[in-house]
Amino acid sequence: MTHDKTSTQPTSGDTTSSTSSSSETITTISPSTNKSILTRTSATPSEVSKLPTTARNAYRSFRQSHPTLQSRLPILRKFLDLLTDRTDELASELTEQMGRPISYTPVEIKTAIKRAGYLVNIAPEVLSDNIPVLGEVESGFKRYLQRSHPLGVVLVIFAWNYPYLILVNSLIPALLAGNAIILKPSPQTPTIAEHVVDMLHEAGLPKGVVQYVHVGKVEDLKPLVQSVDVDHICFTGSVAGGTAVQKLVIEGGKGIRCGVGLELGGKDPAYVREDFAGDEKGIKWAAEEIIDGAIFNSGQSCCSIERVYVHEKVYDQFVKQCKKVLEAYRVGDPSKKETQIGPVVSKRAKEMILKQVDDAVKKGAKDETPANKTFANLDPAGNYVAPVLLSNVTHKMDVMMDETFGPVLPVQKVGSDEEAITLMNDSQFGLTASVWTKDAAKGEELIQHIEAGTVFVNRADFPSPDLAWTGWKDSGKGVTLSRFGFEQFVRVRSVHVKSYPN
């Protein structure tokens with residue numbers, strides 16, 4: 001696959017990826033080597049400002065050519081078939097651009113296909129106008145609801161860390177509902193949008209219904225974000241990035257008429273209860289699961305476990321088992337199948353992660369990271385960060401309060417369920433949280449007190465397509481996935497019909 005071409009179409013990016021940009025060129029830097037791997041031409045303000053008009057015209061035409069859900073479903077099914085056929089090729093490209101080990105990148109694409117397939121399958125029911133109206137029947141009157149009318153034009157700004165999974169959350173329901181879409185990918189993974197648009201065209205989608213744009217920073221999207229022809233914006237990324245987009249919408253006078261869905265950061269907690277005391281096998285299992293939830297994808301997930309609270313009765317045993325688990329992990333070249341942990345996305349990301357670790361150690365945390373040959377022989381050319389295990393941490397440390405987005409596992413001792421819940425809720429974020437216990441019923445009781453959009457018992461880091469994906473607090477607003485994920489892409493209308501009096 002060629003990576004040195006310069007795109008002739010407008011395209012875009014975010015301010016947190018490892019790219020360098022000027023007014024004309026956006027360069028994607030390899031996390032593994034810190035060398036340039038591809039470039040794209042940044043859209044000019046004039047090109048950006050034309051996108052909404054093109055999208056609005058395409059939307060109107062799409063409404064005429066594909067007016068029903070049944071006319072759109074075959075396109076999405078064909079698209080998923082094409083994506084399936086290209087999984088291995090696209091996975092290899094994804095590893096090169098964002099650094100996840102090649103053993104895992106195909107899994108993202110396959111999971112995205114499965115997730116999208118679920119949304120396709122439930123669309124006929126979810127987008128049906130056959131909605132029960134709960135109320136008294138009145139003679140001579142008819143009342144009903146409609147929810148099959150699309151919004152119009154949707155802008156989707158999506159991140160690099162799970163680009164296919166993040167994209168299908170919005171792309172699939174928005175298209176099924178009949179909207180036109182403008183995609184703005186991260187400059188770290190710019191080719192994702194290009195491939196998706198090409199495959200949609202091959203599947204039969206009329207040109208212009210889905211476009212993409214490459215720009216260097218969020219501010220470059222101002223003509224697009226503030227256009228009267230953009231009806232809704234879906235943003236996935238940092239709190240700062242989401243705030244910037246929302247601010248542009250408000251400054252453009254669109255704070256009321258343009259919806260904004262935000263999936264932002266997380267500082268997701270896990271709690272290990274005392275009922276594992278004396279159960280070495282159980283503690284080992286919990287350690288394995290929690291470490292996987294913390295450092296998979298080098299910890300670069302909004303729903304990674306970033307802080308762990310462990311009851312004092314099992315604390316020492318849990319830390320001991322974590323060390324044993326980490327001894328077997330392999331950090332290295334993401335192109336090798338035996339690698340489990342690849343580089344983080346950028347030099348800046350690496351520096352911020354190590355800065356948090358240094359702050360914690362200076363404030364009294366103990367670095368419990370075990371000896372591991374691959375941890376000690378990191379390639380200096382890449383942005384490699386070995387997993388770090390910290391004990392004796394407190395909420396006075398940045399690593400327990402600020403998003404890390406790296407392979408760091410800080411573990412804090414607690415004396416009770418109540419203390420654990422209080423500390424879990426002591427955060428600006430509220431994306432996911434998990435309770436680990438042998439008593440699932442008690443765990444289900446405890447999660448009712450946790451301030452997070454998704455809560456788990458004995459599981460973590462698993463957005464399920466049939467459940468709503470939503471952030472509380474500063475982790476975002478709005479909903480994707482499940483039947484509720486369609487609602488941001490349609491307009492609801494109430495209809496009253498009164499018979500003419502004889």
Side-chain angles (χ1 to χ4, degrees), residues 6-17 19-28 39-62 150-160 167 170-171 174-175 179-190 192-194 196-197 207-264 478 488-489:
T6 298
S7 172
T8 57
Q9 300 185 41
T11 53
S12 127
D14 62 37
T15 56
T16 59
S17 64
T19 64
S20 59
S21 64
S22 66
S23 59
E24 296 183 352
T25 303
I26 303 169
T27 303
T28 300
T39 61
R40 290 294 181 265
T41 299
S42 178
T44 65
S46 175
E47 289 173 326
V48 173
S49 64
K50 291 176 182 176
L51 289 166
T53 301
T54 300
R56 179 64 63 184
N57 291 335
Y59 162 70
R60 289 169 177 155
S61 177
F62 193 42
L151 291 179
V153 176
V154 177
L155 169 62
V156 179
I157 305 171
F158 62 106
W160 53 267
L167 179 55
S170 301
L171 174 71
L175 270 181
N179 295 283
I181 303 167
I182 302 169
L183 304 179
K184 183 272 182 194
S186 164
Q188 191 65 45
T189 50
I192 306 317
E194 298 166 11
V196 165
V197 170
K207 291 192 175 182
V209 176
V210 178
Q211 306 173 78
Y212 62 86
V213 58
H214 294 304
V215 295
K217 53 186 181 297
V218 170
E219 290 75 13
D220 295 336
L221 291 173
K222 184 175 181 179
L224 181 54
V225 170
Q226 296 185 347
S227 169
V228 295
D229 282 320
V230 174
D231 300 289
H232 188 74
I233 300 170
C234 300
F235 175 90
T236 303
S238 67
V239 173
T243 301
V245 169
Q246 187 162 269
K247 182 179 179 182
L248 284 176
V249 172
I250 294 171
E251 289 176 347
K254 293 178 57 186
I256 295 176
R257 70 179 302 268
C258 181
V260 180
L262 302 173
E263 184 190 331
L264 307 177
Q488 62 180 317
F489 303 115

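Keep in mind it's a predicted model, so treat the numbers as computed, not measured. Side chains included, hydrogens not; waters and symmetry mates left out as well; all remaining heavy atoms used.
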Shortest non-hydrogen contact between Asn179 and Val209, atoms and distance: O-CG1, 3.8 Å
Shortest non-hydrogen contact from Phe235 toward Val245: CD1-CG2, 3.8 Å
Distance-minimising heavy-atom pair for Ala180 and Tyr59: CB-CB, 3.7 Å
Donor-acceptor contact present, side-chain Gln226 to main-chain Glu251, <3.5 Å: no
Check: Gly259 main-chain N/O paired with His232 side-chain donor or acceptor under 3.5 Å: yes
Exam field: side chain Gln488 to backbone Gly478, donor-acceptor pair closer than 3.5 Å: no
Atom of Ala244, atom of Val218 and distance for their closest heavy-atom approach: CB-CG1, 4.2 Å
Side-chain (Thr189) to main-chain (Pro185) donor-acceptor, under 3.5 angstrom: no
Minimum heavy-atom distance Gly242-Leu264, with the two atoms named: CA-CD2, 3.9 Å
Side chain to side chain contact (heavy atoms under 4.5 Å, CB included) evaluation trace for Gln188 with Thr28: CA-CA 5 Å; Gln188 191 65 45; Thr28 300; 3.8 Å; yes
Contact summary for Leu51 and Gln211, nearest pair of heavy atoms: CD2-OE1, 3.1 Å
Main-chain N/O of Ser227 paired with Lys254 side-chain donor or acceptor, under 3.5 Å: yes
Ile192 side chain near Phe158 side chain, heavy-atom distance below 4.5 Å: yes
Donor-acceptor contact present, side-chain Thr39 to main-chain Thr27, <3.5 Å: no
Sidechain-backbone polar pair: Ser61 side chain, Asn57 backbone, donor-acceptor under 3.5 Å: no
Verdict with reasoning, Arg56 to Asp231, per salt bridge (Lys or Arg N to Asp or Glu O under 4.0 Å): CA-CA 10 Å; Arg56 179 64 63 184; Asp231 300 289; 2.7 Å; yes
